[in-house]
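Notes follow once the structure below has been shown.
For the single chain, residues carry numbers from 1 onward in sequence order. Just so we're clear, the structure is a prediction, and the values are computed from it rather than from any experiment.
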Amino acid sequence: MNYHWDWDAVREALPLLLEGFETTLLATVLGTLVAAVLGLALAVGGRAPTRWVTLPLAGLVTFVRSTPLLVQLAGAYAVFTTLDPLTIGVAVLGVHYSAYLAEVYRAGIDAVPRGQWEAARALSLTPGLTWRDVILPQAVRTVLPALGNYAISMFKETPFLAVITVAEMVAQAREYGADHFAYPEAFTLAGLVFLLASYPTSLALRKLEQRLGH
C-alpha cells in the first residue's frame, strides 16, 4: 500500500498546529520561570546551617528526580481538580525541572571563588547582601547556558501535557490526524516546528557558552 502525501492537509493543519504552538511556548516560558526561581531557592536553601531545612529540601529534590514527569503530571491532575490543566502543567514542569536546576545552581555557587565570600565578610556585608550583590550575580552568569539547555529540554517535553488535556501542539497534531486520516502530515509538520524553534536556540546558547568561556 502506497501512501500519498497530502499537501492540502499540511496547509489545513498548519494554523491549528500554530495555535497549539502558542500553548507549547507559553507552558515552556512560564515553566522555565518557575523552575529558575524555585531551583535557585532550593540551591540556596540547601546551604542552610540547619538540617531541619536541608533535609526536607533534599527529600523533595530526590522525590522529584526519582519519579517520571508523566506520573507527576497525572498525580497533580488527579489531586488539584479545581485548577485548569495548563496551570497544573506549568506548575509540574516548573517543579520537575527545578530539582535539576538546583544542582546547576549549586555547581555555579560552588564555582564562586572562596575569596569572594571572605571579602564580603571583611566588608561586613549581611548574608542577604552577600548573596544578592556578590555570590548570585557570579553564579547565575556561570550557569546561564545550562539553564537555557534545560529550557529547551522542557520545550521538547511539553507534549506530555496532553495527558492532562492541555491542547499543546502535538495534541493538536494528533487530533487533526485522527479527524482527517493525515497523521504523517500532521506529525511531520509538528516535528518541523519543534526543529525550527529549538535548533536556532541551541546555536544561540552555544555562542553564549563560548562567550562566557565555558
Side-chain angles (χ1 to χ4, degrees), residues 3 5-42 59-102 104 147-202:
Y3 184 84
W5 183 265
D6 187 352
W7 287 106
D8 289 335
V10 173
R11 284 189 286 272
E12 287 179 4
L14 184 58
L16 190 63
L17 265 62
L18 290 179
E19 184 180 327
F21 179 72
E22 292 180 7
T23 303
T24 295
L25 200 57
L26 180 64
T28 303
V29 171
L30 295 180
T32 299
L33 288 175
V34 172
V37 173
L38 186 56
L40 181 59
L42 289 172
L60 173 64
V61 169
T62 301
F63 172 78
V64 171
R65 295 183 63 155
S66 303
T67 53
L69 174 61
L70 195 59
V71 171
Q72 294 167 15
L73 282 168
Y77 186 63
V79 172
F80 300 105
T81 54
T82 58
L83 297 178
D84 74 275
L86 181 58
T87 300
I88 294 172
V90 167
V92 172
L93 282 173
V95 171
H96 183 80
Y97 275 89
S98 72
Y100 294 93
L101 290 184
V104 174
L147 294 179
N149 287 328
Y150 274 108
I152 293 175
S153 296
M154 184 188 296
F155 173 64
K156 291 187 288 188
E157 288 197 338
T158 52
F160 281 123
L161 299 183
V163 301
I164 58 172
T165 71
V166 174
E168 45 71 51
M169 185 168 57
V170 174
Q172 298 281 41
R174 184 170 57 250
E175 181 179 340
Y176 182 87
D179 291 344
H180 299 82
F181 303 103
Y183 283 110
E185 291 85 353
F187 282 113
T188 300
L189 195 56
L192 286 174
V193 174
F194 269 108
L195 175 66
L196 291 174
S198 61
Y199 186 64
T201 307
S202 298

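Within the model, atoms CG of Leu17 and OG1 of Thr24 stand 9.0 Å from one another, a figure rounded to the nearest 0.5 Å. One distance of note links CG of Leu33 with CG of Leu38; it measures 12.0 Å at 0.5 Å rounding. Here Leu86 contributes atom CG and Thr165 contributes atom OG1; the two are 10.0 Å apart, rounded to the nearest 0.5 Å. Distance check: Leu69 CG to Leu73 CG gives 4.5 Å after rounding to the nearest 0.5 Å. Note: His180 NE2 to Asp6 CG = 10.0 Å, rounded to the nearest 0.5 Å. Rounded to the nearest 0.5 angstrom, Leu195 CG and Lys156 NZ are separated by 10.0 Å.
Checked against ring pair (Phe, Tyr, Trp, His ring centres under 6.0 Å), Tyr97 has no partners two or more places apart in sequence or in another chain. Residues satisfying the ring pair (Phe, Tyr, Trp, His ring centres under 6.0 Å) criterion with Tyr100, sequence neighbours excluded, are His96.
Crowding of Trp7 atom CH2: a count of heavy atoms from other residues, nucleotides or ligands under 6.0 Å not exceeding 12.
Counting only residues at least two apart or in different chains, ring pair (Phe, Tyr, Trp, His ring centres under 6.0 Å) contacts with residues 61-89 are absent.
Aromatic ring orientation, Phe194 versus Phe155: tilted (interplanar angle from 30° to 60°).
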With side chain to side chain donor-acceptor pair (under 3.5 Å) as the criterion, how do Glu185 and Tyr176 come out once you've worked through the C-alpha distance, each side chain's angles and the decisive distance to 0.1 Å?
CA-CA 10 Å; Glu185 291 85 353; Tyr176 182 87; over 6 Å; no

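Remark: of the listed residues Thr32, Ile88, Leu161, Val34, Leu161 is the sole one forming a side-chain contact (heavy atoms from CB on, under 4.5 Å) with Leu93.
Scanning both residues, Glu168 and Ala162, for their nearest heavy atoms gives OE2-CB, 3.7 Å. Between Arg65 and Ala99, the shortest heavy-atom contact is CG-CB, 3.5 Å.
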